[in-house]
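These notes concern the structure reproduced below.
Computed over heavy atoms, backbone and side chain alike; hydrogens, waters and symmetry mates excluded. Since this is a predicted model, take the numbers as computed values, not measurements.
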Amino acid sequence: MQTSCLFKHPYVSPHYFYNKNTNTLLSSSSDKKSGEIIIRSMMSDSLSSSTTNNINIKEVVDDGADLNKFKLNESTFLASLMPKTETGADRFIDANPEYDGRGVVVAIFDSGFDPAAAGLQVTSDGKPKVLDVLDCTGSGDVDTSTVVKADESGCIRGASGASLIINPSWNNPSGEWHVGYKLIYELLTDTLVSRLKKERKKNWDENNQETIAEAVKQLEEFDKKQTKVDELILKRTRADLQDRVDYLKKQADSYEDKGPFIDAVVWHDGEVWRVALDTQSLEDDPESGKLADFAPLTNYKIERKYGVFSKLDACTFVTNVYNDGNILSIVTDASPHGTHVAGITSAFHPTEPLLNGVAPGAQIISCKIGDSRLGSMETGTGLTRALIAVVEHKCDVINMSYGESTLLPNYGRFVELVDEVVNKYRVVFVSSAGNNGPALTTVGAPGGTTSSIIGVGAYVSPAMAAGAHALVEAPAEGLEYTWSSRGPTADGDVGVNVSAPGGAVAPVPTWTLQRRQLMNGTSMSSPSACGGVALVISAMKAEGIQVSPYSVRKALENTCSPIGCLPEDKLSNGQGLIQIDKAFEYAQKSADLPCVWYKITISQAGKTTSSTVRGIYLREASYCNQSTEWTVQVEPQFHEGASNLEQLVPFEECIELRSSGKEVVRAPDYLLLTYNGRSFNVVVDPTKLSDGLHYFEVYGIDCNAPWRGPLFRIPITITKPKIVKTRPPLITFSGLSFQPGHIVRKYIEVPYGATWVEATMRTSGFDTSRRFYVHTVQLSPLKRPIKWESNNALFSSPSTKSFTFSVEGGRTMELVISQFWSSGIGSNESAVVDFEIAFHGIDVSKDEVILDGSEAPTRIEAQALLSAEKLAPTAKLNKIRVPYRPIVAKMSALSADRDKLPSGKQILALTLTYKFKLEDEAEVKPQIPLLNNRIYDNKFESQFYMISDSNKRVYAMGDVYPDYAKLPKGDYTLQLHLRHEDVQILEKLKQLVVFIERKLEKEAVQLSFYTQPDGPVTGAGSFKSSTLDPGSKEAFYIGPPTKLPKNSPEGAVLLGAISYGKPSAEVSDQGNDPEKNPVSYQITYQVPPTKVDEDKGKSSTSKTSKKSVLERLEEEVRDTKIKVLANLKQGTDEERAEWKKLSTTLKTEYPKYTPLLAQILEGLLSQEVEDKLHHYEEIIAAADEVVESIDRDELAKFLSINGDPEEEEFETTKKKMEATRDQLVEALYQKGLALVEVASLKGEMAALAANLGAEVVDKPNGQGGADLFEGTFKELQKWADAKSSKYTTLLMIRERHSGRLGTALKVVNDMIQEEGDPAKKKLYEERISLLEQVGWDHLATYEKQWMLVRFPPSLPLF
């Protein structure tokens, strides 16, 4: 009924988009040109400053001055680009210069970063900044399992087919060279690919235009020379010249750049694996990019070296070799996001200290979790391998600025592995909370929903607004960005733990052709916090304080500077803005205390349920109108390996329990807590609260050390809804006043029976334009938050906007209206909003309609509970799902290089292979109901699929979020790759059902409605629409499809949508498409068994055969002998001799029987012999025998007759004659091919070419090869269809060898277009050969690059 809101990929603020032309981020308002000013790049000299890092922004404003007149000087402006003052990081480093992250290793889980980017070379104390660069997704993997050896001249054959020269100075004791290749565009971002395509197209167009000009010139010169072209040869010559011009012109229209390729060579030099790349296809200069000139690389962590593909792309890459040289990983970034995040965390600029990252002394590793094949989407494989790398590199901190919405918080395979890394290996995990705010319960996984991860919200200060965002006027005080996600989680946890600056001008990859760029989002606040954590850990290590994620987190949370003054602000900001200097002071004071985390689990007293929650979240009206009691379990959690006698047994704390609102939340006063934990009860009484949002906490204070602050917190969130009592149900919020960043939250209990809302927003009272976020959220068990949003409600002047969206009756709906934080800044006028909500609804008896495949209709009952509604059902089936079982299931253990868990368990892979066929071009996607749409809240580690054709060309790839791909007609293979450590779980999936879902497009089926149960058969009683009065019911029938789409096999399911209500025209333009209705439901139709062909199986009415029994027996014997001949093997000389003997015997026995002679010709064609000349002469002789056995006059006469198709005797004769014609065509075709081969072997091609197209005349001494070919071709013309491949193949050969290369190209192009799936490699190779022969090198190169796309030697690795 409703769609859940999903946000995936990196958490860069959604109100920015990436401008591919300028490599900048711009505001995505309706007018993209009017976006915010972006700082693109700052040259070194302009950023140099002798000032210290510690800039006191407050000093810029005079005492008592109006904050609205906030001004920046040069130093504070530069400092605002990389905010550190807000968190005290600059003060901390100023006071402790050597505690700037030194000794700390940070793992960046992101899209990968560029080690050549500004500030990522060295740390503040001169150590290498980047320790390792890893592609954890496998998107850059190259299959280098093919091993070759160099020839005497030092050459090897690359995987692309190119000949590569080995540098003789390279040491390779084994002499074995592993080879592979990669299409370069598979390694690059869409933005970079777009730039390269533009540059390459420009160069290609120049070459093509020059070639066209030359071809036109040749045609014009011919026309001047030959004023009359009556002779056949001249006509053909001119047609050839015209064909050349036409061919070249068409190339510009059909040009599609799939990019150059690189050949990769891997070898072991006796110490390490080495890698060299041949990048000649990227270069304009043929002398550049040669393999032998490449400076060999090895795994990055060994020598910390990187390369650049070419000057044009300026793209940095590193290499890693796995699996004994059989897998090469070429690592590039999947977007600028990762480099930006790494720069915020720890960039070091020796001459630009104000632009340093937060922890310039920290070292970092890049764990690329954003898969380049999926547009930088994270994958389970990438996440797992990244965690393995963290343990291997002994990292101290992880930053992850990725995530999405989740079905279940704090659940899933990734969460389990994170818990192990944090609790066992003592790693601090920091992650973004998400950019899906400002509504509550919009925090994403894993950052905002996982207990062991610190979730970070995004804060913007006045200095950031004035400097980085370049606003004309800064806000009076800092605030959370409008889009920053809010808590609590669905199970009541606070969601956002802390906040940090959420924007920065930070380094970006070199391929962007700039040094720095502004980005904002919780993607930026997370590395800001992570850098702060690195500072604290650096100081703790330097002073010998034991580092624990428990103690570090407690120090951060309990020393935050509050943002806002209301209790519920914690749901937006967490505990507030982190303060690094204070956090370290807290850590110093806590140095001798045990490292303990307090695990909180809560259950409702008296309610039997196996599930527990982490907070108390009273959202629905039923909970808000009564007092409830909750049992809270507090369990001290020590790190794995803690000593029983020294740590666990002595642990005992006297806890004072405090409530932030005793009139609503009551708890015991004290608690004695030991290692085994303790439970206590909490009573929540919200009955006296007003409507709206209320937030409380019960927190525990150490009686002996109150300075520690809360040791644990139990968050209590209450959203008491307003009850709509009017009928029809209408609620209005009038006179809401807004300033920049102001948020209004309203909570309404959606009336039972409501299914959609029609809302109106009226604005007034302002002069400059205003931008609003309007969100609604409802929560429903085991669903992602049901969210509707309008993030671009832009009012250029006071006006009215209307919205319509679905709701779920009986559940609380949060309505959030917020003026965007930077909208209206500089204006002194408040915007006034009146918001009206009208609830509508039609309650139906079936949430999902299932048509069982029979002729019977399905009855549906509808009623309106709230107000009169127009009932106007519409239903459409627009997709079909066909189920498939795997034909192959292969289990394997993955390489220990990067797929062995820290626990020592080896990850296993199950690869399932499915086959399916498309009769026509279609858009399809695979659906795996068990696994789709869940990354973090999934117990399975990962999934990945590839769809390829019979040539191994990959048309689609995907993982948990499959996408539609347009596939041409043909046969396809789908491979599904599943990973898990538990073999028993994978065994259960060996017969996993996959659906291939196909869009029906023009074949979509519109269903009909009836008032009678017999309506679908009789056609009577059509139902169109009616009016439902409040409380009344009406029933009708929906009939099955009257006609099924083509290719709808038994067992398939047609699916689509059905809607019932008719929203007002002002808010909906639905037409006959139910999916455009704010409320639609799924409808499915089970495809029944196919209809029986009534004519099939009827006894023949034909006359009895006139042949005698003996004649029929002789025919059966003859045909059996021919069948035996056809089945004989010819692999060895002995087998060929046996075949020859039998064929000779049968020819003697049936000398003029055409099917026998055709079979003998077929047998000759299948032979592989050394004496090619004799073999082709035998083929010519066999073809002649076939031709001579056919009475061609009789054949022509019969084929020209239009007989009566009802006469069976005529039809039988017709089939026989058509078979004879096909045998004749095949014989002529094979003879023509053999004649060309004989001429080639005899060195007579010149003579053959000279006579092609000439008139054939009888010669007294027989015909030469050229005359024979021409005569054979002319005979073939009489019998073959002009579009048949046999005719066009000989025509192409004829034109090519006659020198008419333009016509030959035209013919081969027509053949390629006429060919069905799969594409014939031979035809494309022929085209390349012709292009090379005619001298069009730019087209030959283009086609060669396409060959690796159309006909790859193998499928890519998962």
Reported [atom1]-to-[atom2] distance for the pair [X] and [Y], which is rounded to 0.5 angstrom:
{"X": "S366", "Y": "D333", "atom1": "OG", "atom2": "CG", "answer": "8.5 Å"}
{"X": "L577", "Y": "S561", "atom1": "CG", "atom2": "OG", "answer": "6.0 Å"}
{"X": "N520", "Y": "L518", "atom1": "CG", "atom2": "CG", "answer": "5.5 Å"}
{"X": "I108", "Y": "S346", "atom1": "CD1", "atom2": "OG", "answer": "6.5 Å"}
{"X": "L354", "Y": "S80", "atom1": "CG", "atom2": "OG", "answer": "10.0 Å"}
{"X": "F109", "Y": "S431", "atom1": "CZ", "atom2": "OG", "answer": "10.0 Å"}

Point to revise | Residues, nucleotides or ligands: over 12 heavy atoms within 6.0 Å of K129 NZ | key: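 Yes - once you tally the heavy atoms of other residues, nucleotides and ligands closer than 6.0 Å, there are more than 12.
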Check your understanding: Should we count CD of E98 as having more than 12 external heavy atoms under 6.0 Å?
Key ->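 For E98, atom CD is not crowded (no more than 12 foreign heavy atoms under 6.0 Å).
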Point to revise | Any donor-acceptor N or O pair under 3.5 Å, side chains R553, S548 | key: no
Check your understanding: H775 and N791: side-chain donor and acceptor closer than 3.5 Å?
Key ->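 The answer is yes; a qualifying pair exists.
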Point to revise | Those residues that, when tested against T339, pass side chain to side chain contact (heavy atoms under 4.5 Å, CB included) (two or more places apart) | key: F113, D114, A117, L120, P507, P509
Point to revise | Counterpart residues, side chain to side chain contact (heavy atoms under 4.5 Å, CB included), relative to L479 (two or more places apart) | key: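 Result, side chain to side chain contact (heavy atoms under 4.5 Å, CB included) vs L479: V460, P475, W821.
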For the pair [X] (side chain) and [Y] (backbone), establish whether a donor and an acceptor sit closer than 3.5 Å, ignoring hydrogens and angles.
{"X": "S526", "Y": "T522", "value": "no"}
{"X": "E480", "Y": "A458", "value": "yes"}
{"X": "H469", "Y": "A474", "value": "no"}
{"X": "D569", "Y": "C565", "value": "yes"}
{"X": "S590", "Y": "Y586", "value": "yes"}
{"X": "T450", "Y": "G447", "value": "no"}
{"X": "T489", "Y": "T449", "value": "no"}
{"X": "K582", "Y": "I580", "value": "no"}
{"X": "N558", "Y": "R708", "value": "yes"}
{"X": "S499", "Y": "Y459", "value": "no"}

Residue pair [X] / [Y]: nearest heavy atoms and the distance that separates them:
{"X": "P488", "Y": "T717", "result": "CG-OG1, 3.7 Å"}
{"X": "V104", "Y": "A534", "result": "CG2-O, 3.5 Å"}
{"X": "V496", "Y": "S485", "result": "CG2-O, 3.4 Å"}
{"X": "A831", "Y": "F772", "result": "CB-CZ, 3.9 Å"}
{"X": "G457", "Y": "A433", "result": "N-CB, 4.3 Å"}
{"X": "S818", "Y": "T482", "result": "OG-CG2, 3.5 Å"}

For a 4.5 angstrom cut-off between non-hydrogen side-chain atoms, does [X] reach [Y]?
{"X": "R91", "Y": "Q579", "answer": "yes"}
{"X": "R486", "Y": "V816", "answer": "no"}
{"X": "W483", "Y": "T442", "answer": "no"}
{"X": "S523", "Y": "H337", "answer": "yes"}
{"X": "P409", "Y": "D493", "answer": "no"}
{"X": "S401", "Y": "P527", "answer": "yes"}
{"X": "P549", "Y": "V427", "answer": "no"}
{"X": "M400", "Y": "D110", "answer": "no"}

Review point. Stepwise, does the side-chain contact (heavy atoms from CB on, under 4.5 Å) test hold for V421 with V418?
Key: CA-CA 5 Å; V421 168; V418 168; 5.7 Å; no
Exercise for review: Check the pair Q739, Q819 against side-chain contact (heavy atoms from CB on, under 4.5 Å), reporting the backbone distance first and the verdict last.
Suggested key: CA-CA 7 Å; Q739 288 286 336; Q819 185 171 322; 5.6 Å; no
Exercise for review: Show your working on side-chain contact (heavy atoms from CB on, under 4.5 Å) between M519 and V508 and close with a plain yes or no.
Suggested key: CA-CA 10 Å; M519 294 186 195; V508 287; 4.2 Å; yes
Review point. Only one of I453, I454, V430 forms a side chain to side chain contact (heavy atoms under 4.5 Å, CB included) with N497, so which one is it?
Key: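 Result: among I453, I454, V430, I454 is the only option passing the side chain to side chain contact (heavy atoms under 4.5 Å, CB included) with N497.
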Point to revise | CA sep, side-chain torsions, deciding dist, call: S823, F738, side-chain contact (heavy atoms from CB on, under 4.5 Å) | key: CA-CA 10 Å; S823 175; F738 288 89; over 6 Å; no
Could you check whether [X] pairs with [Y] (Lys NZ or Arg NE/NH1/NH2 to Asp/Glu carboxylate O, under 4.0 Å)?
{"X": "K368", "Y": "E378", "value": "no"}
{"X": "E697", "Y": "K570", "value": "yes"}
{"X": "K589", "Y": "E585", "value": "no"}
{"X": "E352", "Y": "R516", "value": "yes"}
{"X": "D396", "Y": "K541", "value": "yes"}

Check your understanding: Using 30° and 60° as the class limits, which term best fits the ring planes of F92 and Y99: parallel, tilted or perpendicular?
Key ->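 It falls in the tilted class, 30° to 60°.
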Point to revise | salt bridge (charged side-chain N to carboxylate O under 4.0 Å, His left out) partners of R745, counting only residues at least two apart | key: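 R745 satisfies salt bridge (charged side-chain N to carboxylate O under 4.0 Å, His left out) with E814 once adjacent residues are dropped.
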Check your understanding: Centre of F820's six-membered ring, under 6.0 Å away, within 45 degrees of the axis: is that where NZ or CZ of R771 sits?
Key -> yes
